[in-house]
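Presented below is the structure to which this report refers.
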Amino acid sequence: MGPGETEITLTINGKATKVKVETRTTLLDACRERLEITGAKRVCDRGTCGACTMIVNGKTVYGCTTLAVDNVGKKIETIENLTAGAKPHPIVPAFSNNDALQCGYCTPGMVMASKGLLDRTPNPTYDQVKAGLGGNLCRCGTYVGIRKAVLEAAKELRASGGRKSGGSNA
Amino acid sequence: MPNYSYPPMEQRRVMGKRITRLDGMEKAAGKAKYNSDVRPKGTIHAVGVFSPHAHARVKSVDTSAAQQAPGFAAVSVVAAPGAEVNWAGQEIAFVAAQTEEQARDCARLIKVEYEALPHLVREENLAKAGSRGKPAGEQVTGDPEAAFSAAGAVTHEAEYGIPVITHCCLEPHGQIVAWDGAANKIEYWPSTQAISAVGGDLAKQLELPATQVHSHQDHIGGGFGSKFQSDLWGAHAAKLSKMAGGKPVKLYLERREELTIAGVRPSVFGKVKLSASASGEMTGWDSTTWMTGGFAGGGLNADLLPYVFRNVANRRINHTAVSTNNGASRAWRAPNHPQVCYITCAAMEDLAAKLKMDPMEFFLKNLDKTPRADTYKAQILKAAEMIAWKQNWKPRGSSTGTVKRGLGLALGTWGGAGHASRCRTTINPDGSVLIEIGSQDLGTGTRTIITQVVAETLGLPMGGITLKLGDNNYPASGASGGSTTVGGVSASSRKASVDALDKLFAAVAPALGVPADQLEAVDSKIQVKGNAAKSMTWKAACAKLGVSAIIAENANDPRNPGGLTTGGVGGCQMADVSVDTETGIVKINKVVAVQDVGLVINPKTSDSQVYGGVIMGICAALMEERVMDEMTGRFLNADMEFYKLAGAGDIGEIEVHMDITPDHDKRGVIGIGEPATVPTIACIANAVANAIGVRVPVLPLTPKNVLNALHNTTRRLA
Amino acid sequence: MNAFEYASPATLKEALGLLGNSWSDAAVLAGGTDLLSLMKDHIAEPKRVVNIKGIKELGGITKSGGGLRIGANATVDELMESAAVRAEYPSLVAAARGIDSPQVRNMGTVVGDLCQRPRCWYYRNGFGLLAMKGGKSLVESGQNEFHSIFSSGPAKFVSASSFGPALIALGAKVKIASASGSREVAVADFFKAPTGDGDREIDLKPNEIVTEIVVPAAKGAKNATYEVRNKEGLDWPLATASVVLTMKGANVATAKIVLGHVGPTPVVAADAASSLAGKAINEETATAAGKAAVAGAKPLSDNGYKVQLAAVAVKRALLAAAGKA
């Protein structure tokens with residue numbers, strides 16, 4: 001397909017969503033500029049800083065470094081999904097409670113990287129938390145709160161028996 | 001005269017409490033809308049064309065091919081033929097198209113011819129700067145030469161340096177702007193630290209009355225001193241919008257330009273000589289420093305040297321600003337201070353080592369040369385306790401093994417008094433309260449602390465207050481820079497709310513049968529002072545207003561803050577590091593920060609400011625450096641890959657101690673954003689010197705620089 | 001990024017038919033972690049992008065003849081999590097862990113790691129692979145702290161590959177397919193230092209696809225990788241070493257030592273390796289081997305420190321392999 005615009009269907013947060021993109025449009029830009037799904041941010045735009053982190057087929061990825069057309073048929077989860085259900089995913093209140101954010105621009109990516117870590121490692125050690133955030137950068141300096149928030153959310157998830165929260169479909 | 005004083009510490013119910021920031025959930029959920037997320041109907045996209053040359057004359061700019069490209073909307077040329085460009089990344093043109101991809105295609109089709117001219121982009125070797133160095137006049141106090149040659153004087157002479165670093169705001173500079181040509185009105189969504197002023201700044205660039213620009217901003221993704229102006233890209237985005245029939249134009253800098261042209265911190269390099277008596281009394285200081293702030297040559301205030309210990313008896317200061325072909329420097333969290341703090345505290349640590357003195361003792365011994373000896377003494381002792389200095393400190397270079405451990409300290413200071421700020425408080429007959437203020441929340445917690453102050457003042461829960469900020473239609477408040485916001489907005493919101501409450505007291509006093517000055521607002525009630533039995537609920541009281549709301553507006557006057565805010569704080573930080581002497585890798589074990597800060601409205605968010613300040617300092621100490629290439633004139637690492645920032649695993653443990661005491665509280669509210677970052681670089685650098693036994697003179701403390709210091713292969717500056 | 005035609009073939013044959021004879025005709029997309037950045041920076045401008053992720057035969061990590069077969073679509077994460085890899089190839093696990101971003105490991109492929117272009121900042125800023133200006137090397141006269149200490153030709157960048165050194169030390173091969181057939185190349189020969197700006201750093205033609213990596217059985221050989229990186233989290237190594245040791249009792253029978261991020265290709269330190277034969281691995285012998293491995297280093301103006309880092313990486317990799325770290 002392409003060059004030029006093509007309509008594709010992306011499955012974002014459990015919803016089949018039609019969007020017109022060019023083949024060169026990244027998944028991040030498709031979300032932000034064409035679908036008004038703006039939680040993920042564009043910062044380095046070169047797969048380094050993690051502000052655009054999303055979860056595709058259960059694994060964290062950089063939305064800036066994957067083409068929208070490459071994600072047709074995959075399950076795309078963005079941060080919007082974490083508060084789509086009746087109760088937010090525990091990582092969201094944990095960030096707020098621990099003041100794990102300042103300007104908040106890296107935060108959606110940090111939250112999704114943390115969620116991706118907890119999906120795979122529900123009971124992370126402190127060192128695993130640090131390593132799990134190795135693909136994300138913050139400029140305000142909020143890591144102290146972030147590290148606490150991830151540990152607190154893990155505890156909360158264990159207490160609730162890993163009960164599903166956030167949106168149901170992704 | 002109303003009493004605006006804050007309630008005594010022990011009586012506060014909302015102020016002083018560790019309250020979670022009001023927009024925490026919104027931000028953590030990704031729902032906070034930054035202006036780079038805003039997408040008004042019909043938005044088109046613009047991108048820039050930037051000079052690849054550090055110095056050149058523009059010979060021609062041909063936009064014809066771009067104008068034929070799919071999606072093209074409008075083009076605006078910044079640098080006309082004949083214009084001289086003075087740094088790589090300088091703006092040549094901006095072009096708008098229907099989509100961002102198309103705008104980028106258009107930009108690549110704009111053909112620019114340049115005549116390359118000679119450039120200078122590196123400043124660490126002052127001898128190469130030639131006529132581009134502009135020396136400031138020498139300043140001398142006392143007789144430094146006599147101090148250095150006095151009998152028994154111990155002197156130390158060395159070179160130090162910190163490179164230019166960039167703000168690297170995660171939300172790039174830029175805006176969405178829509179210029180309705182017919183009405184001559186502009187809707188403006190910038191990323192700004194100055195929502196009340198930036199619209200006027202844009203209007204000035206466009207030669208419009210300030211009244212024609214309406215500015216909005218809910219959230220900003222980082223500024224750190226670099227986002228006060230509307231900038232060239234703001235003006236040209238507006239022009240593109242007008243040309244495109246008023247369509248909103250979205251124009252944000254790409255990461256490369258964000259790092260290159262949207263603000264950097266000046267470097268500083270220098271040679272220092274200082275002396276002390278054998279017993280450790282500092283007697284003389286002589287520094288020759290230089291730096292660059294880019295082409296326009298923004299300054300560094302060398303008059304602050306020796307930092308904090310400025311009252312040394314004998315002092316000579318020489319300083320040169322070097323104009324280089326680089327983008328302009330901008331204010332960077334605590335302008336001047338981290339650099340001069342490093343130069344001073346590093347030289348003092350080195351002299352202490354020569355004196356075979358514990359640097360903590362050396363600092364303590366010389367506190368009489370600082371403006372706040374008692375505060376610093378208490379802070380040094382507190383920090384020493386937190387990091388177990390007495391148990392862990394060893395004389396320089398005595399740590400053994402491959403991985404060596406060391407401790408270091410540094411002191412900082414800052415002003416932080418409140419800026420000019422106006423606030424409007426509205427009490428509605430239904431009991432709802434609206435606060436309007438032309439300020440902005442940079443992520444420091446401004447929303448939260450204003451709401452705390454008003455809730456405290458009106459005796460209401462925080463949920464009873466609706467706060468609106470981020471719009472230049474609200475009463476004007478200062479730019480958020482210099483740690484001046486918290487003092488300004490807390491004072492203005494306190495005063496406006498006290499005035500509004502006094503009016504409410506007047507309205508309900510007859511019903512409660514006492515004079516208005518006998519009333520107080522507590523627990524969502526208006527009651528006779530100290531007599532809860534004689535009261536009415538807040539709602540009932542407001543109902544007495546009939547149909548007219550109470551509207552009160554008041555301001556913080558920085559010249560007469562009435563005790564609500566003041567400036568001038570000190571802080572002490574100590575670092576504990578481990579250095580792998582085979583690889584030169586420095587790991588932070590711990591940094592402790594002791595800070596005095598006056599009245600603390602929210603210890604939770606103020607702690608976060610200190611954590612953030614320390615972490616920024618860790619980044620600068622260990623890895624941040626703008627790498628300029630003299631051959632090509634380019635900023636080689638204008639990315640987030642080789643322009644390195646610390647991650648969650650690089651910062652060690654950080655402990656914060658705020659001096660929250662009645663004595664400090666009496667001073668009123670003081671900003672905390674800047675002071676917290678000042679001493680970090682120096683205390684880490686000193687800890688590394690203590691660990692490895694030699695000074696790494698020029699930062700950052702990378703494997704390259706550490707190993708060169710260990711092998712004595714550090715290149716001399718000049 | 002320029003506009004391009006996008007294809008997502010289901011078979012290798014179909015994919016090979018979509019490639020061209022020049023690099024600007026088509027690019028192969030798997031993980032994309034490097035390709036998209038190259039395209040955004042207009043260093044790669046393919047007219048067509050051929051996404052091979054949908055090709056089932058190119059997926060997976062499987063045990064094969066006592067060794068491993070790593071398909072072109074296998075991600076770094078799959079490698080790191082593979083029980084077969086974890087059991088016998090700690091050098092590969094360490095190299096994977098050194099790519100210290102879960103997102104990059106989830107997206108990026110092991111084959112892509114071998115095929116990625118250099119991170120040299122002159123190259124990435126558009127000054128060409130060899131970064132020559134007026135016949136002079138920008139790297140030699142400019143900012144070279146992250147550059148090569150082992151260049152004999154004009155290429156002064158360092159190979160960015162994390163797995164190259166370990167795969168070379170393990171004796172791995174790559175399988176390469178084109179429309180006219182397939183060939184096998186030892187990983188050691190797959191990397192080559194280019195002499196012209198249009199050359200590649202690997203033995204691959206525009207109409208070819210690396211289909212898999214074949215790693216021979218470890219047969220109990222001890223192996224390890226040590227990386228020197230300034231930062232925790234995502235950061236390019238300053239120097240790395242991968243070693244493979246076969247032992248005879250407590251002493252080394254054969255050794256292989258390969259350095260990474262210090263030359264335009266991974267650097268095989270054959271003399272240092274052979275000097276270990278018959279010796280036990282201890283602090284002393286490992287240090288001596290590290291020094292021997294960098295004996296031929298020719299640092300540039302600002303990267304002399306990397307000589308020590310490479311020597312230390314060798315020492316630490318040897319001690320790790322011998323279980324003495």
Side-chain angles (χ1 to χ4, degrees), chain A residues 4-5 22 24-25 29 32-34 36 38-49 51 78-80 82-83 88 91-97 99-108 110-112 127 129-147 149, chain B residues 20-21 23-34 36-39 43 45 70 99-101 167-172 219-224 250 252 254-255 442-445 604-605 607-609 611-616 618-619 639-641 645-651 653-654 677:
Chain A
E5 278 202 339
E22 289 195 53
R24 59 178 158 167
T25 306
D29 287 348
R32 289 183 53 79
E33 301 299 340
R34 287 161 163 87
E36 302 203 23
T38 58
K41 303 291 186 260
R42 194 170 90 191
V43 175
C44 75
D45 205 25
R46 296 293 187 279
T48 306
C49 75
T78 70
I79 188 162
E80 283 78 6
L82 302 195
T83 50
I91 192 65
V92 176
F95 263 66
S96 181
N97 294 340
D99 213 34
L101 48 88
Q102 287 185 32
C103 86
Y105 214 72
C106 76
T107 309
M110 287 285 181
V111 168
M112 290 305 279
D127 283 342
V129 169
K130 292 183 210 168
L133 298 168
N136 291 71
L137 294 169
C138 165
R139 188 47 159 159
C140 298
T142 60
Y143 300 122
V144 173
I146 291 172
R147 297 186 308 203
Chain B
T20 297
R21 67 177 66 220
D23 48 10
M25 278 298 281
E26 187 188 6
K27 284 183 170 176
K31 289 178 178 168
K33 284 279 178 193
Y34 299 77
S36 49
D37 299 331
V38 169
R39 193 178 174 80
T43 295
H45 295 262
T99 69
E100 190 176 7
E101 290 89 347
H167 296 72
C168 195
C169 304
L170 294 199
E171 181 183 38
H219 298 284
I220 167 177
F224 316 113
K250 179 172 183 175
Y252 282 83
E254 302 275 327
R255 184 55 36 188
L442 270 51
T444 48
K604 192 169 187 171
T605 51
D607 279 359
S608 285
Q609 284 301 299
Y611 288 131
V614 169
I615 291 168
M616 271 194 149
I618 290 172
C619 293
D639 51 40
M640 292 181 75
E641 180 178 320
L645 297 177
D650 294 309
I651 59 163
E653 300 307 311
I654 300 168
T677 202

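All values below come from the heavy atoms of this structure, side chains included, with hydrogens, waters and symmetry mates left out. In what follows, chains carry the letters A, B, and so on, assigned in the order in which the sequence lines appear, proteins first and then strands, with residues in each chain numbered from 1. Keep in mind the model is a prediction, meaning the values are calculated, not measured.
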Given heavy-atom pairs under 4.5 angstrom as the criterion, report whether the side chain, backbone, both or neither of [X] touches chain A.
X        : result
B:Thr99  : side chain
B:Tyr252 : neither
B:Ala32  : backbone

Identified side chain to side chain contact (heavy atoms under 4.5 Å, CB included) counterpart of A:Tyr143 within the set B:Ile618, B:Ile651, B:Ile654: B:Ile651
SB check B:Glu100 A:Arg42 (cutoff 4.0 Å): yes
Ion pair check, B:Glu653 and A:Arg147, cut-off under 4.0 Å: yes
Distance in Å, A:Glu33 CD paired with B:Arg39 CZ, rounded so as to fall on 0.5 Å steps: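 The distance works out to 5.0 Å.
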Counting only N and O atoms by type, is there a donor-acceptor contact under 3.5 Å from the side chain of [X] to the main-chain atoms of [Y]?
X        : Y        : value
A:Arg139 : B:His167 : yes
B:Arg255 : A:Val43  : yes
A:Tyr105 : B:Cys169 : no
A:Lys41  : B:Asp37  : no

Options A:Cys44, A:Pro108, A:Ala51, ranked by heavy-atom pairs under 4.5 Å with chain B, top entry: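 Of A:Cys44, A:Pro108, A:Ala51, A:Cys44 has the most heavy-atom pairs under 4.5 Å with chain B.
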Working for side-chain contact (heavy atoms from CB on, under 4.5 Å), residues B:Lys31 and A:Glu80: CA-CA 7 Å; B:Lys31 289 178 178 168; A:Glu80 283 78 6; 6.0 Å; no
Distance-only donor-acceptor check, side chains A:Thr25 and B:Glu101, under 3.5 Å: yes
Selection from B:Ser36, B:Gly613, B:Cys619 maximising heavy-atom pairs under 4.5 Å formed with chain A: B:Ser36
Leading residue by heavy atom contact count with chain A [cutoff under 4.5 Å; candidates B:Gly649, B:Gly612, B:Ala28, B:Gly30]: B:Ala28
Heavy-atom contact with chain B under 4.5 Å, split by part of [X]:
X        : value
A:Leu137 : both
A:Thr48  : side chain
A:Asp29  : side chain
A:Val144 : both
A:Glu22  : side chain

Heavy-atom closest pair, residues B:Tyr34 and A:Cys103: OH-O, 2.6 Å
